[in-house]
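See below for the structure under consideration.
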Amino acid sequence: MHDTTTISDPALNIEHLRKDFPILDQTIYGSPLVYLDNAATTQKPEAVLKAMDDYYHTINSNVHRGVHYLSQRATEAYEGSRQKIADFINARHNHEIIFTRGTTEAINLVAASFGKKFLQAGDSILVSAVEHHSNIVPWQLICEEKGATLRVIPVDDNGELILHDLHRLLEGVKLVAFNYVSNSLGIINPVKHIISTAHSYNIPVLLDAAQAVQHMEVDVQDLDVDFLAFSSHKLYGPTGIGVLYGKEEWLNQLPPYQGGGEMIKTVTFEKTTYNDLPYKFEAGTPDMAGAIGLGAAIDYILGLGIRNVRQAEHNLMTYALDTLQDVQGIRFIGKADSANRAGVISFLVGDIHPFDLGEILDKQGIAVRTGHHCAQPVMDRYCIPGTVRASLAVYNNREDVDRLAAGIRKAAKLLLG
Amino acid sequence: MTIQEEQQEIIADFEYLLNWDDKYEYIIQLGKELPLIDSRYKTEDNLIRGCQSRVWLHADFLDGKLSFTADSDAIITKGLVSLVIKVLSGHTPKEIVDAEITFIEAIGLSSHLSPTRSNGLLSMLKQIKLYALAYQAKSVHS
Ligand SMILES: Cc1ncc(COP(=O)(O)O)c(C=O)c1O
């Protein structure tokens with residue numbers, strides 16, 4: 001099926017690139033799969049699957065431990081991935097890259113270790129009103145333990161953060177944690193402005209980049225961000241691995257998060273000395289195959305060109321907003337403007353419950369997410385039970401968007417009777 | 001009709017519906033026939049929380065038999081709730097406790113019973129069984 005309208009971007013041949021993702025080529029309840037749940041997790045290109053398969057077939061062995069050949073090869077590959085990640089986000093040093101299980105663990109690490117050392121009763125942590133639960137609950141836990149409070153940057157009806165009170169909100173704050181792109185609304189936040197304002201009071205910033213790194217260039221030095229977290233599985237890589245970036249000067253000040261092998265220099269029952277960065281924060285045998293898979297995913301994206309990805313997705317987002325706008329009764333949550341939006345479109349149709357709409361879309365082979373998207377405070381802010389969320393990846397095409405629009409119309413007809 | 005006969009009848013009805021859209025159209029229609037819960041019972045206490053859709057359930061016990069009224073904010077769930085009530089209302093606590101609900105799977109909507117879906121239907125079935133158990137215990141002791 002070669003529809004010329006689906007070739008939307010000259011720099012990337014989407015039809016060609018789709019073949020790199022074998023999972024896309026299947027039928028669901030008799031219809032070709034339309035996968036629009038990419039903000040939850042992206043599909044993996046063949047190159048990532050092969051890298052992990054090769055790892056287990058040829059060099060599997062525990063890293064950093066053995067004198068033997070395989071262990072050295074595995075260590076090289078594992079550390080090679082760390083270097084790729086450092087280059088990908090332009091970290092100054094590769095030991096500023098800590099492997100974690102994902103965004104959630106990266107944020108928990110900073111909340112626990114930073115909180116332990118720097119947070120005292122009466123202090124505050126500042127988050128935004130559009131955070132994923134992963135960037136709320138870890139802070140609540142440490143605040144509760146320390147007698148600190150959680151403060152919230154409010155959001156307006158367009159899904160944009162209200163920042164005119166930021167200076168006042170920053171009083172007594174020890175750390176600011178917020179997302180680059182919100183997973184429930186897809187709005188790109190003014191990160192540089194918030195970071196520089198926080199820095200003017202010497203307050204460090206953690207950026208949840210789980211919904212950013214797959215869609216746009218992220219340069220930690222240019223952002224001057226202190227901590228940054230993301231997950232491999234939303235970036236075309238495997239599940240179970242993710243990244244915490246931290247500025248060396250911050251990571252050196254934080255106490256370890258977990259204890260175990262790998263993270264120590266010497267252990268006696270009286271006193272243990274900790275290993276250097278990054279190993280201080282990597283207790284236990286790491287996810288070697290995962291790290292190597294993530295390295296392969298980054299190679300894949302760099303092969304496409306992250307700017308080309310951004311351009312292709314932006315074009316498709318513009319097309320999607322235009323196309324969906326024509327669906328009767330549709331209501332976008334957050335301003336329907338593609339310039340300031342990445343990946344995600346959250347919407348409701350008439351008074352149809354998102355769950356009903358999601359189920360009828362599913363029956364047509366269309367995968368979307370319904371519900372509160374682990375961002376319940378966002379839904380409360382807009383007084384809605386949840387939304388239907390369609391989220392794009394580089395392999396989505398105009399046909400996917402057309403199928404979604406037709407699917408919604410069919411569902412509305414059925415549900416509204 | 002016994003609970004089993006009620007279920008057989010529903011399964012037979014659905015056998016005529018060959019396409020998924022016909023099936024859903026019918027379920028949505030059934031939602032409109034649901035004996036709606038009186039608004040004074042539509043309270044937090046009677047709310048069965050699923051992650052995605054909500055169900056309110058109220059039980060009445062009269063002449064040894066239980067009957068149910070309900071509501072849901074999702075229309076497909078409401079249709080299924082309506083079917084469950086059609087099957088179970090008007091039976092004794094013992095009959096309800098002993099009943100095995102098989103029709104949801106038989107009509108191809110078993111995904112609604114999956115705990116990962118947590119849309120309220122499964123919790124509602126559990127709640128109905130709990131009411132029945134409670135009334136059964138009461139009638140044994142009195
Ligand atoms: C903005 C944001 N933060 C955090 C997370 C949590 O990521 P993970 O579950 O991979 O740890 C997600 C994923 O849903 C997200 O979208």
Side-chain angles (χ1 to χ4, degrees), chain A residues 27-34 37 40-41 132-133 184 329 346 348-380 382-389 403 406-417, chain B residues 14 17-34 36-37 42 44 47-57 70-84 104-105 107-125:
Chain A
T27 53
I28 307 286
Y29 308 119
S31 305
L33 168 66
V34 171
D37 192 18
T41 199
H132 189 281
H133 295 164
S184 50
S346 244
L348 290 167
V349 179
D351 59 357
I352 297 176
H353 196 285
F355 184 75
D356 287 328
L357 187 49
E359 181 160 356
I360 302 296
L361 289 174
D362 174 52
K363 281 282 175 277
Q364 301 173 76
I366 303 164
V368 294
R369 175 96 184 255
T370 64
H372 56 58
H373 320 297
C374 296
Q376 237 164 326
V378 180
M379 303 303 130
D380 293 344
Y382 293 97
C383 302
I384 49 180
T387 72
V388 180
R389 181 184 73 181
R403 288 269 312 278
I408 297 169
R409 286 196 174 95
K410 173 154 189 160
K413 194 160 159 251
L414 200 60
L415 292 164
L416 296 173
Chain B
F14 271 82
L17 306 169
L18 299 178
N19 302 323
W20 67 266
D21 23 355
D22 296 335
K23 220 188 260 185
Y24 276 93
E25 219 175 303
Y26 186 51
I27 292 169
I28 290 160
Q29 194 51 43
L30 287 165
K32 293 174 186 159
E33 293 168 19
L34 170 71
L36 266 192
I37 189 167
K42 209 169 167 179
E44 279 291 307
L47 177 62
I48 298 166
R49 233 170 256 280
C51 175
Q52 298 248 8
S53 62
R54 298 182 294 172
V55 175
W56 292 266
L57 178 73
D71 200 1
S72 173
D73 55 353
I75 194 164
I76 298 169
T77 309
K78 196 167 160 178
L80 290 169
V81 165
S82 161
L83 282 172
V84 169
I104 297 171
E105 217 171 337
I107 64 174
L109 276 112
S110 58
S111 69
H112 276 266
L113 295 178
S114 135
T116 55
R117 199 93 175 231
S118 62
N119 60 4
L121 191 69
L122 188 66
S123 320
M124 178 205 158
L125 276 171

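Side chains are part of it too, since the values below use all heavy atoms of this structure and drop only hydrogens, waters and symmetry mates. Protein chains get the first letters and strands the later ones, always in sequence-line order, with residue 1 at the start of each.
When the side-chain contact (heavy atoms from CB on, under 4.5 Å) test is applied to B/K32, the partners found at least two apart in sequence or on another chain are B/Q29. In this structure, the side-chain contact (heavy atoms from CB on, under 4.5 Å) partners of B/E33, at least two apart in sequence or on a different chain, are B/L30.
Taken to the nearest 0.5 Å, the CZ atom of A/F355 stands 7.5 Å off from the CD1 atom of B/I76. How far NZ of B/K78 is from NE2 of A/H353: 12.0 Å, rounded to the nearest 0.5 Å.
More than 12 heavy atoms of other residues, nucleotides or ligands shown are found within 6.0 angstrom of CG on B/D22.
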Any chance you could lay out the side-chain contact (heavy atoms from CB on, under 4.5 Å) test for B/N19 and A/K363, step after step, and finish with the verdict?
CA-CA 11 Å; B/N19 302 323; A/K363 281 282 175 277; over 6 Å; no
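The shortest side-chain heavy-atom distance between B/W20 and A/L414 falls under the 4.5 Å cut-off. Within the 4.5 Å cutoff, no side-chain heavy atoms of A/Q364 are placed close to those of B/D21.
Contacts of A/I352 with chain B are absent, with no heavy-atom separation under 4.5 Å from either backbone or side chain.
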